[in-house]
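Reminder, nothing fancy here: chain letters follow the sequence lines and each chain counts from 1. The structure presented is a predicted model; accordingly, all values stated were derived computationally and were not measured. Just so it is clear, the values below take in all heavy atoms, side chains as well, and ignore hydrogens, waters and symmetry mates.
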There are 2 protein chains.
Amino acid sequence: MSAPSMKDVAAHARVAVGTVSNVLNHPELVAESTRKRVLDAIAELGFVRNESARQLRGGTSRTLAYVVLDTRNPFFTDVAAGAQQVAEDAGLAMFLCDGGEDPTRQARYLDLLEQQRVEGILITPVDANDPSLAALARRGTPVVVVDRGAGPDRCSVSVDDVLGGDLAASHLLDAGHRRIAFVGGPRSIGQVADRLAGAEQALARAGAEPLTVLETARLDVAEGRRAGERLAGLPAARRPTAAFCANDMLALGLLQQAVRLGLRVPHDLAIVGYDDIEFAAAAAVPLTSVAQPRQLLGRTAAELLLAEARHPKGHVHQQRVFEPELVVRESTSMRRLDGVA
Amino acid sequence: MSAPSMKDVAAHARVAVGTVSNVLNHPELVAESTRKRVLDAIAELGFVRNESARQLRGGTSRTLAYVVLDTRNPFFTDVAAGAQQVAEDAGLAMFLCDGGEDPTRQARYLDLLEQQRVEGILITPVDANDPSLAALARRGTPVVVVDRGAGPDRCSVSVDDVLGGDLAASHLLDAGHRRIAFVGGPRSIGQVADRLAGAEQALARAGAEPLTVLETARLDVAEGRRAGERLAGLPAARRPTAAFCANDMLALGLLQQAVRLGLRVPHDLAIVGYDDIEFAAAAAVPLTSVAQPRQLLGRTAAELLLAEARHPKGHVHQQRVFEPELVVRESTSMRRLDGVA
DNA sequence: AGCCGACCTTGGAACGTTTCACAACGGAGG
DNA sequence: CCTCCGTTGTGAAACGTTCCAAGGTCGGCT
């Protein structure tokens, strides 16, 4: 009743177990007639290789995983698509693991993947300094950090988030905004901290008043809406005239709620998002956003991971950093801002 | 140099291998002092359980997978989030596998997962009638089809796509539209075929002229834009006054391109999408869409899968069908349509 | 003293593969 | 006729776990 094994196939085809294995792995060593007999037996019994046994014996798993911050953020699925392409070309399967912005869940995935002896792990960590990540790498599982920089003891592929934050804030300053809000959180997420830092650096340079920080619990649309409510609730005189959001999910939520509550965008509130996900351009008011090379990020990460997995000896860790690019759209378009400031 | 095994731990702690196993699996059987010695050895050597060996011996994997049509469609990641919640509560990890709307890739994942002896597979198949799916189930891997109906030999969780298509088309007919386009493809994808069938059924009932079908190669934003170009290119007299898209990705692309090419939505072109993903409401013109209970779909599917996996004997397959719901927004709002038809 | 049970630890079988040294067979060449 | 060789197939070891029957030790009870 339980799944048939090679032993069953061997018995059925009246050959030794080793021969069945050979049919599967080195068919050229088996005579035509025998091979056919074995293949027939396999088909008849519905035999399926047991990957655990294979891997136990052989030591290798032909599998890698991408542990993502949140699969519901299209940014990450785009990165994943890039990585998957590379993995596939190399004959590896890639599993996507949704960390859900939850350190506990992420840690559970890491444990599981290490126990499964995956060939390597791509990860966008909640906390890049988590010591368990370093331990994982030390014990021999190749790890590449994606969308976060890392120290010299690890490969990483990232985009300069401080620069991105600076670009976004500078753009708003150039447009004449002086009261600017930052929407994002929790700060424990590196991307959030860096983008905020970049924005603050731009404001400081311009001698502007400090950011109003609206901290969020997560980086999703619902939290963006909540922030919209808070902003709309402020008296116009004290309300920021622009908001920089830590990602596009927040920005889209903010935009939606702000408009619903009667704020005109960008007239009453200019908005800059981050990631330039596909939906940003299609938003109610097309969203100005900081673009990142998503697929390239994924491809590069997978390539580094494969390099390390294939040649662990003498592997030199690389920290690749790409540059973000500001994409200006109507959500900050200045034409309509004249009457305001 | 290779990863330490229980044997190494046992030697280091001067106990038998069985004792190490007991420390991990039945700590209450081991004396306090011994247990500590073993745990210390584990920590010192950086021992990590070999899941393959465990599974080989124990036969069970504590893992399930959701093979998705396309991870870049937020609809599916929402479904996945629902499923993951249930899996997690049951102590199982869930892997997401991106089929990328590609039958080959999907088949590769299925093979791999079966060989890994996962506890069960959730799948939104490219082709629900693929015989390899049935074979998989017959050989003992529980399978639940998600977002597609299935025959009595399988569990499935779906939403009535024919009804959904009917709702969408009826809505457009009620609003006075007579030349209606359907945007979607390939037709080999069940959801596309059903939604189209539903729409055709509504038109037939109303005695309206048949749909103009714009078949797409994929269900993504880029294809939607392409469809927008084709529509905008038609002379106004022959151009459909409304389009029903097989999903919101297409609808958002169509909307974006139509607006860019000077069509007013809904004035010149009304648009109905499908899935009501979070971004639909935030679109340039908020999108009328056919909503599906995404998370509920995922949760229910995972529950059925677990039930089957836990009690294979006497399991009765269920085909759960939910009802879609039309959500009307500005992309079909009739107020501005007066001057037109 | 002898026995018992409680408690802890041990050693080895089993899981399903892959690999490898070796055996069986036949034909070619000397 | 014997040797050698190439072609096929065999059988057993090994991978790292878990489980189980059995062994050992110790204190207390009869």
Side-chain angles (χ1 to χ4, degrees), chain A residues 1-39 41-42 45-63 111-112 114-118 139-141, chain B residues 1-39 41-42 45-63 111-112 114-118 139-141:
Chain A
M1 188 58 235
S2 86
S5 72
M6 281 196 174
K7 206 166 15 170
D8 303 314
V9 174
H12 199 267
R14 320 190 129 267
V15 294
V17 178
T19 301
V20 177
S21 173
N22 278 337
V23 168
L24 262 22
N25 303 302
H26 308 282
E28 73 282 3
L29 294 181
V30 180
E32 172 68 21
S33 65
T34 319
R35 200 186 336 161
K36 174 160 186 344
R37 204 145 34 91
V38 170
L39 290 175
I42 288 180
L45 297 179
F47 166 75
V48 175
R49 259 181 164 120
N50 185 322
E51 178 67 24
S52 297
R54 263 194 116 188
Q55 190 174 322
L56 175 57
R57 174 63 225 237
T60 180
S61 74
R62 310 265 77 194
T63 282
D111 283 349
L112 177 62
E114 185 179 17
Q115 293 178 14
Q116 310 228 93
R117 304 290 194 268
V118 293
R139 287 191 295 261
T141 303
Chain B
M1 190 56 234
S2 86
S5 72
M6 280 197 174
K7 204 162 23 165
D8 303 314
V9 174
H12 200 268
R14 323 190 129 266
V15 294
V17 176
T19 302
V20 177
S21 173
N22 278 337
V23 168
L24 261 23
N25 302 302
H26 309 282
E28 73 283 2
L29 294 181
V30 181
E32 170 68 21
S33 65
T34 319
R35 199 185 336 161
K36 175 160 184 344
R37 203 145 34 90
V38 171
L39 289 176
I42 288 179
L45 297 179
F47 165 76
V48 175
R49 259 176 161 126
N50 185 322
E51 179 68 24
S52 297
R54 265 192 114 188
Q55 190 174 320
L56 175 57
R57 174 63 227 240
T60 180
S61 75
R62 310 266 74 195
T63 282
D111 283 349
L112 178 62
E114 185 180 18
Q115 293 177 14
Q116 309 228 85
R117 303 289 195 267
V118 293
R139 286 191 296 262
T141 303

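- In the set dT17(D), dG16(C), dG9(D), dT17(D) carries the atom at the smallest distance from any side-chain atom of Ala53(B).
- Val38(B) has its side chain within reach of Val15(B): a pair of non-hydrogen atoms, C-beta onward, lies under 4.5 Å apart.
- The side chain of His26(B) contributes an N or O atom lying less than 4.0 Å from OP1 or OP2 of dC19(D).
- Side-chain N/O atoms of Arg49(A) include one lying less than 4.0 angstrom from OP1 or OP2 on dT18(C).
- Looking at Arg117(A) and Val48(B), their side chains come closer than 4.5 Å, going by heavy atoms from C-beta outward.
- Between the CD atom of Gln116(A) and the C1' atom of dG16(D) there is a distance of 15 Å, given to the nearest Å.
- Here the side chain of Thr34(B) is nearest to one of dC8(C), dT17(C), dT17(D), namely dC8(C).
- Across the protein-nucleic acid pair, Asp8(B) atom CG and dC15(D) atom P stand 11 Å apart, rounded to whole Å.
- Side-chain proximity of Val15(A) to the nucleotides dT19(C), dT17(C), dT10(D) is greatest for dT10(D).
- Between Arg49(B) and Asn25(B), the closest side-chain pair of non-hydrogen atoms falls below 4.5 Å.
- Spacing between atom NZ of Lys36(A) and atom C1' of dG9(D) amounts to 19 Å, rounded to whole angstrom units.
- Thr63(A) places a side-chain heavy atom less than 4.5 Å from the side chain of Leu112(B).
- A residue-by-residue look at Val20(A) and Leu29(B) shows that Leu29(B) has its nearest nucleotide of DNA chain C further toward the 5' end.
- Using a 4.5 Å heavy-atom cutoff, the side chains of Leu24(B) and Ile42(B) are in contact.
- Per the geometry, NZ belonging to Lys7(A) stands 13 Å off P belonging to dA12(D), to the nearest Å.
- Per the geometry, CD belonging to Glu51(B) stands 12 Å off C1' belonging to dT18(D), to the nearest Å.
- Annotation: of the two residues near DNA chain D, Asn22(B) and Ser52(B), the 5′-most nearest-nucleotide partner is Ser52(B).
- Per the geometry, CD belonging to Glu28(A) stands 13 Å off P belonging to dG9(D), to the nearest Å.
- The base of dT17(C) does not come close enough to the side chain of Arg57(A) for any donor and acceptor atom to sit less than 3.5 Å apart.
- Taking side-chain N and O atoms only, Arg117(B) has no distance below 4.0 Å to OP1 or OP2 of dG16(C).
- A donor-acceptor pair under 3.5 Å is absent between the side-chain atoms of Arg14(A) and the main chain of Ala11(A), judged by distance alone.
- If you take CG of Leu24(A) and C1' of dG16(C), they are 12 Å apart, rounded to a whole angstrom.
- The side chain of Asn50(B) places no N or O atom within less than 4.0 Å of a non-bridging phosphate oxygen (OP1 or OP2) of dT17(D).
- Residue-level contact check: Gly18(A) touches the bases, meaning some heavy atom is under 4.0 Å from a base atom.
- Separating the CD atom of Gln55(B) from the P atom of dC19(D) is a distance of 14 Å, rounded to the nearest angstrom.
- Residue-level contact check: Thr19(B) touches the bases, meaning some heavy atom is under 4.0 Å from a base atom.
- The Ser5(B) side chain lies nearest to dT17(D) when the options are dT9(C), dT17(D), dG9(D).
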